[in-house]
Amino acid sequence: MSGLTRQQMADAIARRFEDDWIVNLGVGIPTMCSNTAITADIIYHSENGVIGYGPMAAPGHEDMHLVNAGGQHVTLKPEAAVVHHADSFAIIRSGKIDVTVMGAYEVASNGDFANWKIAGAKGGGIGGAMDLAACAKRVFIILEHTQRNGAPRLLRQCALPVTARGVVKLIATNLGLFEPAGDHFNLVAIAPGVTLDEVRAATGAPVEPAPGMTEIVP
Amino acid sequence: MSGLTRQQMADAIARRFEDDWIVNLGVGIPTMCSNTAITADIIYHSENGVIGYGPMAAPGHEDMHLVNAGGQHVTLKPEAAVVHHADSFAIIRSGKIDVTVMGAYEVASNGDFANWKIAGAKGGGIGGAMDLAACAKRVFIILEHTQRNGAPRLLRQCALPVTARGVVKLIATNLGLFEPAGDHFNLVAIAPGVTLDEVRAATGAPVEPAPGMTEIVP
Amino acid sequence: MARSKVYPGFAEAIHGIEDGSTIGFGGFAMPGVPFNLMKALQSSGAKGLTCVANTTGGAGQPRMPDIGHLVELGMVSKVICAFTAATRASDQLPFTKYYESGEVEAELVPQGTLAERMRAAGAGIPAFYTPTAVGTELAAGRETRVFAGREYLLEPALPLDYAFIRAHRADASGNLRFRRSQRNFNPIMAMAARVVIAEVENDIEPAGAFDPDDIHLAGIFVHRMVVIPPAPDGLWPQLREPRA
Amino acid sequence: MARSKVYPGFAEAIHGIEDGSTIGFGGFAMPGVPFNLMKALQSSGAKGLTCVANTTGGAGQPRMPDIGHLVELGMVSKVICAFTAATRASDQLPFTKYYESGEVEAELVPQGTLAERMRAAGAGIPAFYTPTAVGTELAAGRETRVFAGREYLLEPALPLDYAFIRAHRADASGNLRFRRSQRNFNPIMAMAARVVIAEVENDIEPAGAFDPDDIHLAGIFVHRMVVIPPAPDGLWPQLREPRA
């Protein structure tokens, strides 16, 4: 029961993107979505005001004036435009981001999630996460299904301080694709070689197979 | 007792401008301030986002994409920059306009003035006047001292709906330069050939000569 | 693959405007006014429109398409403008008659507040405080609040269904450039609108024609574009006749 | 005649920063960070500063001048940032120790709210409502309000005494251009500040060098400028070392 790799989790999310979507990818596994081969024509938006960025710059060809929100040196597509931070978050807050894909420490079956504060820490790292979570049309989360010690990250309620409430629409973990459904998660698609019982054992909330549940083709 | 011409009224105001001031000139007599020969280095700002405009365009040399807030075709100085309407009023509301010069129907000794609504009209023409009046560092007013029927425009209190309250710092009329002083106007400078009694007779509030009152040199 | 944003004509570009829509018209004086889209709208049959612009128009000569024309055609139920009456007692705007008769509603808004209310809509801000209009008739009965000893007026965002705008140059992805004071309300109306329709003064250029640093309105805001033909088929800014 | 805005060096450009000042530092990741001005500030002797930036810094290698250095020098009483702690449990920011000991205060602000609070200050807006952070720990005990059925948080403007920014090109009148994602917080911090100090990557060009349509920050916002010398005298963005 290892399930999907990190890239496969990103692939499972990226394949849900639709034509003309404006997509914001968070730091970590979400940035891997831009490696997925998809046919949809996507516009990538980055909090620091880059609209229409493309693949990572090849080593040695980095533009020192150009990074995405993760600080990675990206390239620009022909349709790219640059705006300042206030205009960039105007785009976010006004609901023009079709999907934001973020990592998280925890996600709950009521749609809450937590990704800005580590247990016991003073302070935190919010970045653009709260704006995106509150305002994007869809919030997709990618995270390992459990902590290193095996404790579940998919919970009935978040234990950590939340980033936003009731906003998560879709979750990719190494074990499958899930939708928060109030008091439980719907399992939309299961990773190959993983059983429903294994998923249930690793999850801190009830899990129900969604009607028409499929097996993920990595 | 005719006093100053319209251009001389504008001159009397423009000579108060100081180096590096950002100046916004309203429609009508105030735009004539830009004809005045002064040594101060002024930056003209227009509500429609033009920063650093210069003299009027010569006939036949108008740029059809470029007007000031009065719709006049102006020219640009080398330091000019263009911004959109929201940024232009960001400059105004944040107090960066050193002086706004406006026309008015009435101005009161308490610093109120009225310039957006004609008696009995439904609706009005506010344009940028209320933003400028509320937010500029200084509000200077230029107006004919009396209405055509001789009724005073300088009053104890405005009869017309006001544009802003308590903001006027300096007034130029054909009879002189005045400062609102609460229950009266201080006469800072008097037009040549005009007597204090004539000024008082034409004014709807008490007028006191300011200490060191001068005669305007047109 | 993304659909082309380029439309063959003005009528096609404004097709489908629903009755009761709120439409913003860019422009200030002549520069940046979408004259051609406004003219096409006159023939659209749309009713009950709320029209947002700096002015209802009609004060100057030559008279170009303006909100006043739409009012005269009975298409308008409300205007939201910084000028709803002439500022000279001797003038009368075409709009005035319909306003005074009660046929059309008007909301008179200071120009900076008008701009900021649309900017707020485009920035996901439902309301903000401004010092403008405090102590005036416009603030009567409305909510104010004191911050650091100064009184401010609460102003709501002004979202638009449609923005009609005019630009100087465009690329195929909808990135726009405005020239000089043509910029004015156009980018912020676009940010406030659900659907943005642009008339463009030059042929549409390929994506990548502009440096990404030199774009005044990003293509993600622009949905439909039409190239303006040369006069007399296309409408272009005119010199105003001098006032008496 | 207007005084020259060009200063011979970074120390001269930041001269006179008062104790207790609020300073905004532009930049996001490496691009647009005023490394040279921040380094000069370390030697200024200023105390009790409130420092505003995206992050307190120090998470990446090589480490460039950041707020953390100013904290280590005892110059800072408060930071206002979108990152005040590391996001990986295995990391620790240089700032953390001083924060946990109570030596320095911190206000943790979502990045969009941080940007908008400064934009508001630069736009004469004392406060605005945002949906961001509603329902979170950051909203605890604070004023919220429902507009059209959705809950929003009231956020105050964040004015700055000084903005330290970095630009790509400048003309003698202070008109600035930024390159690519270097723009980020820089223009809005400048609009929020009383005094704006810019380090510039290229020689200062004569007034009129830029088309007025292509200026990212108008010269009226910029008070002091310094040209950044080539490395090693000047500090320039570096490639980040890959993370383990």
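A, B, ... follow the sequence lines: proteins, then strands. Residue 1 opens every chain. Everything quoted here is computed from the prediction, not taken from an experiment.
- Nearest heavy atom pair, residue C:F128 against residue D:I125, reads CD1-CD1, 3.5 Å.
- Below 4.5 Å, heavy atoms of chain D meet heavy atoms from C:H216, all part of residues 216-228 of chain C.
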Report, one line per pair, each donor and acceptor closer than 3.5 Å where one atom sits in a side chain of residues 133-141 of chain C; sequence neighbours left out.
{"unit_1": "C:T136", "atom_1": "OG1", "unit_2": "C:A133", "atom_2": "O", "d": "2.7"}
{"unit_1": "C:T136", "atom_1": "OG1", "unit_2": "C:L138", "atom_2": "N", "d": "3.2"}
{"unit_1": "C:E137", "atom_1": "OE2", "unit_2": "B:K117", "atom_2": "NZ", "d": "2.8"}

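- In terms of non-hydrogen atom pairs under 4.5 Å with chain D, the most contact-rich of C:D211, C:T132, C:T130 is C:D211.
- For residues 144-155 of chain C, a heavy-atom distance under 4.5 Å to chain D picks out C:R145, C:F147, C:Y152, C:L154, given by residue number.
- The minimum heavy-atom distance between C:G124 and D:P131, with the atom names listed, is O-CD, 3.6 Å.
- Residue-level contacts of residues 175-203 of chain C with chain D, in order of numbering, are C:R177, C:F178, C:R179, C:R180, C:R183; threshold 4.5 Å between heavy atoms.
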